[in-house]
Amino acid sequence: MFNGQWSMMKYKIILASNSPRRKELLAGLDVQFEVRIIPGIDESYPETLPTMEIAEYIAQKKAKAYRETMADDELIITADTIVVLDDKVLGKPKDAEEARCMLHALSGKTHQVVTGVVLTTKELQKHFSVVSNVTFKTLSDNEIDYYVDTYKPMDKAGAYGIQEWIGYVGVTRLEGSYFNVMGLPVQRIYEAMKEFSICDGILSK
């Protein structure tokens, strides 16, 4: 194992996401992992489900799909991130006009970003949600138009990426994990990995 990697790997880590942001964030923990995608997983949820439980519910559905074919020495990480404004879920916009509408709704308000995470092996499973509060200044029409036209955030829940231009100029307050808003609460994942005895918590030198 090369320097900087964890020294006592027990499981082969599988990231069940094709998100470039999640791949970048997990790589920041200096663990070796591979990406595995199962297309077409049902991400629906009951209408009666409390809003703050939706992300974790969907992450658990994803984990169930992977658990059926995983090997004994594998640990699967599944995740789902939602944006919540006034107890309403803002998903990925279907087009530029819907993206503009979402950003107008977020403008001048505080919303929640919720990421549900599930770590799954053949024997064990751990799941949790992490919530961050994000406050935007009042965004002008020009700022919203520029961001949507330039960055085309149709692949992002809530129509924005905090690591992009809109986060630089628009976010006035953040309570909680910045990386959670990007899509993966890596600090909590690190602690969960230690609970799975993936390593002894001591990095190789």
Mind checking side-chain hydrogen bond (donor to acceptor under 3.5 Å, both in side chains) for Asp95 and listing every partner two or more places apart, or none if nothing turns up? none

For Asp80, what residues pass the side-chain hydrogen bond (donor to acceptor under 3.5 Å, both in side chains) criterion, not counting sequence neighbours? Lys62

Test of understanding: with side chain to side chain contact (heavy atoms under 4.5 Å, CB included), list the residues that count as partners of Asn142, not counting sequence neighbours. Ser140

ring-ring contact (aromatic ring centres under 6.0 Å, His included) pairs, two or more places apart, involving residues 112-137: His111-Phe136, Phe136-Tyr160

Show me the pairs that pass salt bridge (Lys or Arg N to Asp or Glu O under 4.0 Å) and involve residues 173-184, at least two apart or across chains. Arg173-Glu175

Please collect all ring-ring contact (aromatic ring centres under 6.0 Å, His included) contacts where either partner lies in residues 59-87, sequence neighbours excluded, each pair once. none

Which residues satisfy the side-chain hydrogen bond (donor to acceptor under 3.5 Å, both in side chains) test with Thr135, sequence neighbours excluded? Thr110

Would you mind listing every salt bridge (Lys or Arg N to Asp or Glu O under 4.0 Å) that reaches into residues 117-134, with sequence neighbours excluded? Lys126-Glu195

Give every residue pair that meets the ring-ring contact (aromatic ring centres under 6.0 Å, His included) criterion with at least one member in residues 163-185, sequence neighbours excluded. Tyr146-Trp165

Start with the C-alpha distance between Arg21 and Glu24, add both sets of side-chain angles, then the distance that settles salt bridge (Lys or Arg N to Asp or Glu O under 4.0 Å), and finish with yes or no. CA-CA 5 Å; Arg21 294 170 295 280; Glu24 176 186 358; over 6 Å; no

What residues join Met52 in its hydrophobic cluster, counting side-chain heavy atom gaps under 4.5 Å, either direct or through other members? Tyr45, Leu49, Ile54, Tyr57, Ile58, Ile82, Val84, Val89, Val114, Val131

Of all pairs that satisfy salt bridge (Lys or Arg N to Asp or Glu O under 4.0 Å), the ones with a partner from residues 156-172, not counting sequence neighbours: Lys156-Glu164

Suppose we screen for side-chain hydrogen bond (donor to acceptor under 3.5 Å, both in side chains). Which residues come up paired with Arg36, at least two apart in sequence or across chains? Glu34, Glu74

